[in-house]
Amino acid sequence: MKTAVITFPASNCNRDAAVALEKVTGVKPEMVWHRESELPSGIKFVVLPGGFSYGDYLRCGAMASRSPIVKDLVEKANKGLAIAGFCNGFQVLTEAGLLPGALMRNRGLKFVCRPEKLNITNSNSRYTSKYGDVTEVTYPVAHHDGNYYADDDTLNKLEKQGQVIFRYANNPNGSARDIAGICNEAGNVFGMMPHPERAIDPLHGGTDGLGLFKSIIESI
Amino acid sequence: MNIKTKITPEIVAEHGLSAEEYDIILDRLGREPNINELGIFSVMWSEHCSYKSSRRHLGKFLTKGDRVIQGPGENAGVIDIDDGDAIIFKMESHNHPSFIEPYQGAATGVGGIMRDVFTMGARPIALMNALRFGEPTHWKTKQLVNGVVAGIGGYGNCVGVPTVGGETNFHKGYNGNILVNAMCVGLADADNVFYSAAKGVGNPIFYVGSKTGRDGIHGATMASAEFDDDSEEKRPTVQVGDPFTEKLLIEACLELMATDAIIAIQDMGAAGLTSSSIEMADKGGVGISLNLDKVPQREENMTPYEMMLSESQERMLMVIQPGKEKLAYEIFEKWELDVAKIGKTTDTGRLVLRHNRKKVCDIPIAPLADDAPNLDRPYEIPASLPVIDASDVHETQDYDDALVRIMSSPDIASKRWIWEQYDRHVMADTVDSSQSGGDAAIVRIHGKNKAVAISTDCTPRYVQADPYMGGKQCVAETWRNLTCVGADPIAITDCLNFGNPERPEIMGQFVGAIEGMNEACRAFDYPVVSGNVSLYNETNGVAIPPTPAVGGVGLIPDLDYFTTLTGAKDGDTLVLIGDTQGWLGSSIYLREILRREEGAPPPVDLEAEKRNGDYVRKLIRNKRVNAVHDCSDGGLAVAACEMAFAGNIGLQLSRAIGCPTHAWLFGEDQARYLVAVEENSVNPVISTAKAKGVSAQIVGKVGGDRLMADGAFDVSLAGLREKHERFLPELMS
Amino acid sequence: MKAIIHVGLKPGVLDPQGRAISRSLNDLGFEEVAAARQGKVIELDLTGDDSTAAKARVTEMCEKLLANTVIESYRVEIED
Amino acid sequence: MKAIIHVGLKPGVLDPQGRAISRSLNDLGFEEVAAARQGKVIELDLTGDDSTAAKARVTEMCEKLLANTVIESYRVEIED
Ligand SMILES: Nc1ncnc2c1ncn2[C@@H]1O[C@H](COP(=O)(O)OP(=O)(O)O)[C@@H](O)[C@H]1O
Ligand SMILES: [Mg+2]
């Protein structure tokens, strides 16, 4: 299956994401430069990787969300293309309006890097269906601005519609209602601050992240 | 100041040049220099750039070896790790700037050391940091720790290179001069390493990266002077780092390096455009002519003097293959970097600068390097302190309390508060890092089943007590730490932080430490391939403890065979490799429990180190051990507690050695490793050791949830861990 | 011309930086500090000299990039 | 009382953030933007009602915590 990883000037988890996609699909993903105005044809799943797209200046993900390729992504997302953003990619998706809410400075004001336990709160989603009975996974987090915010109405709606996919067992950043990962109403666009792509290898971060990639790939 | 400025003796002195040095300049030029030329001589002949106090001593180091591709003298050292892969690495200090502006000082230190590495064609794959702060109660310490750690993380995290390990000490000797040493390790193709020697005549010189501003003018000369109470006033405009531009610079340079467009390349570090252009020209034996009007400038009306001495960050200089200019422009513009052709190589052997269509500098290049002062400063190697016998050291009556105090003392306590602010996993190849509390970080070579191991070490209190022995110990400890994870140690980089070399006793520490280090390097066939010297770490005449930080790199050829300290399992037997006399001189026990900082440091027996280390590596390769940790600060007890924390399992130490209890538990004898061995491997491990002349003894068992030692302590693992974790968060809250 | 844009968090949005600032100030003995908020100011140098047109353009910049209206509000001033 | 503190980089100090903002605005078609700088504003709610005294105290806060005077300059306003 053809997949793609978008690369912004200071993306730095693009390689990590590519390794994860290749591992699960068996095919190297297309690396798409942010200046491109359109995705190559036939792409079925897109990852917005972690990093500091534009140095995290102004607001994390803000400048990246205005890049030409994101414009195309917004159109295709509305037609059902599967898109996931991890860490900085999640920030880009909220800034682009593809996911509700915003990511603010961590409550502790410090960058935090550690393995974090997550509860799968919706195991029927396109991003978690393959986890089966597993309800708890550990992915690393590594971010400075991962404090998820949305107003109460939005949060209630997210919860009611099953759009909250992951919650932190020990909230590392102050996120509202311990939210770690959400999807849009249609379920094709997903974002989370933790890094499932850094949990696909027993020598590095464990293998808990594989289920997420398998779930979404299988659902397509 | 401008080109018409009359050069007076005061101006010469302000530039840190002696009267004799100025006479040499007059002689080589055959005339008076103008202010630009004087500025250039002054930075090139500063301690920081010319290594005038240290050069003759650094020359003694072992620098060659089977795996050395490039030793000292280039931007970084290069070693061969097989399969066409090369590792490029170096460590550097950013002490003075970090004291003045901790965030930016530390951040730009990280940026600078990364540039040294990718300049040579390597993608940076790991960062390490060796930090020394003043005592925790000093009013400035908290703010400095906060800023330095945030700065290191802020830069490395953004560029996307994992910070995988380091070390942190606190001591009142650093109250007025902290040390911030950063190390970068990069991966390159062995047959595509880039060097700085310019070649040819008429080849274009490109400037790439950020624009030049008035940042840090005279930073290099400042790094070569002591602090006094007015330092804050004299400081130049602080350099601000821009990790975003650094990231673009890395990607752009690596992209251009994959073509054959670059003849030579050099980052602009200390003394910026001056030292980069002169080094390129000098190494290549060519001249250089630059048109300063072409230099991308951030501020208006910059003078040639300012442009040549600016230390603006994230800039590179390169000689491009004629005909490849267009390609270079395309790549740099794609990455949105400032790029300009600012000059060309010449056959004159001179550095010629033009500004506003006037010649503003014309000096021969060779004397700048060849005639750079090379001082033979007087030195006195201090006598080692007297040996302290363990039986003369007061024995605690409360071992539970002593253990808790040691495990929560500033140097031994957990550094989690620091390393959780560093992205340790980005690039997805970190096999082990600070997270385990391990001896050496392990970073996999991307896409392959092999890895490099990296460790930084120095025990300043040993070097203070006996520079020669302490110097040996620093090298030995890195070698041991690499061994602990099953790596073959290959080579080291160093960062030699000392006080004012004009004082014979400081120079004596320096010379003594180098001799000790060098002896260890030779014994292990473990050459020095790069390094850095930071002198004048002194405030109001008080010098820092001598701190020769060493960064070692080794190779784990097959990731099916490595160990960390995390693997101890219920029922494992603890075996101690190496001899225990119970050495308490200059120990943590003496300092933390008795508040005494005295006594000769533990002797380093290099033959025993080699023998024991080679044996431990063999045990790892034969999968005989589940966990390995070396005994260093705080001796066997601390090593055992750290192994227990990492494996999250208790253990019991049993008495097997005849020395007094405090010396048995806390003695800091060298060349020792604590290993956890499965029941059925114990006999072979001990008998093979015997056959090889390696001392090995059963010293305990793994299991339970308590930490116990016969006739000494008995504490809960969870309780001790809580206290071990508490020191930094409490200090920083 | 110059544009000065103040961007601040909307009321009701928790401001971790502001909270940390007031706490640290209290800790340092500045007990008179009851609350703190942190916002940003962006200053733009603009070519052109029509300040009414500029104001409209800068407002557009805010909507498109400079502020995240999910959490932030902004105010634009133009100085000649 | 309220104190409003403007903190900005001193002239000559590199402002990578400002540079990124102006580039990004240019890319979005706002070509009239020649340069951008970003600073912060901190707003404090203060108890007490002596505005001269408050100004002195807030200045002390800036020196001690709110501004990094090595690279930043600041300006304090007190509003009653
Ligand atoms: N400044 C730092 N940055 C990252 N990791 C650190 C730092 N200081 C200490 N550590 C980590 O804490 C652990 C303990 O450090 P140390 O006691 O110096 O180890 P050792 O004695 O085995 O060399 C190591 O894993 C080390 O990498
Ligand atoms: Mg060690």
> Please classify the contact between Leu46(C) and chain D as side chain, backbone, both or neither, with a heavy-atom cut-off of under 4.5 Å.
both
> Taking side chain as C-beta onward, heavy atoms only, is Leu44(D) less than 4.5 Å from Arg37(C)?
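Result no, sub-4.5 Å side-chain heavy-atom pair not found.
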> Looking at Val58(C), Val7(C), Ile42(C), which one has more heavy-atom pairs under 4.5 Å with chain D than the rest?
Ile42(C)
> Using a 4.5 angstrom heavy-atom cutoff, name the option from Ser22(C), Gly18(C), Gly39(C) with the most pairs to chain D.
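So the answer, after comparing Ser22(C), Gly18(C), Gly39(C), is Gly39(C).
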> Flag the one option from Glu60(D), Arg57(D), Lys64(D) with the top tally of heavy-atom pairs under 4.5 Å to chain C.
Arg57(D)
> Is Gln17(D) in contact with chain C via its backbone, its side chain, both, or neither, using a 4.5 Å heavy-atom distance?
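Neither part.
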> Got a second to check how far Gln38(C)'s CD is from Glu43(D)'s CD, nearest 0.5 Å?
11.5 Å
> Among Ile21(C), Leu28(C), Val33(C), which residue meets the side-chain contact (heavy atoms from CB on, under 4.5 Å) test with Met61(D)?
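Result for side-chain contact (heavy atoms from CB on, under 4.5 Å) with Met61(D): Val33(C).
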> Determine the option with the most heavy-atom pairs under 4.5 angstrom with chain C, choosing from Leu65(D), Thr47(D), Val41(D).
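Option with the greatest count: Val41(D).
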> Side chain, backbone, both or neither: which part of Ile5(C) has a non-hydrogen atom closer than 4.5 Å to chain D?
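Neither the backbone nor the side chain of Ile5(C) comes within 4.5 Å of chain D.
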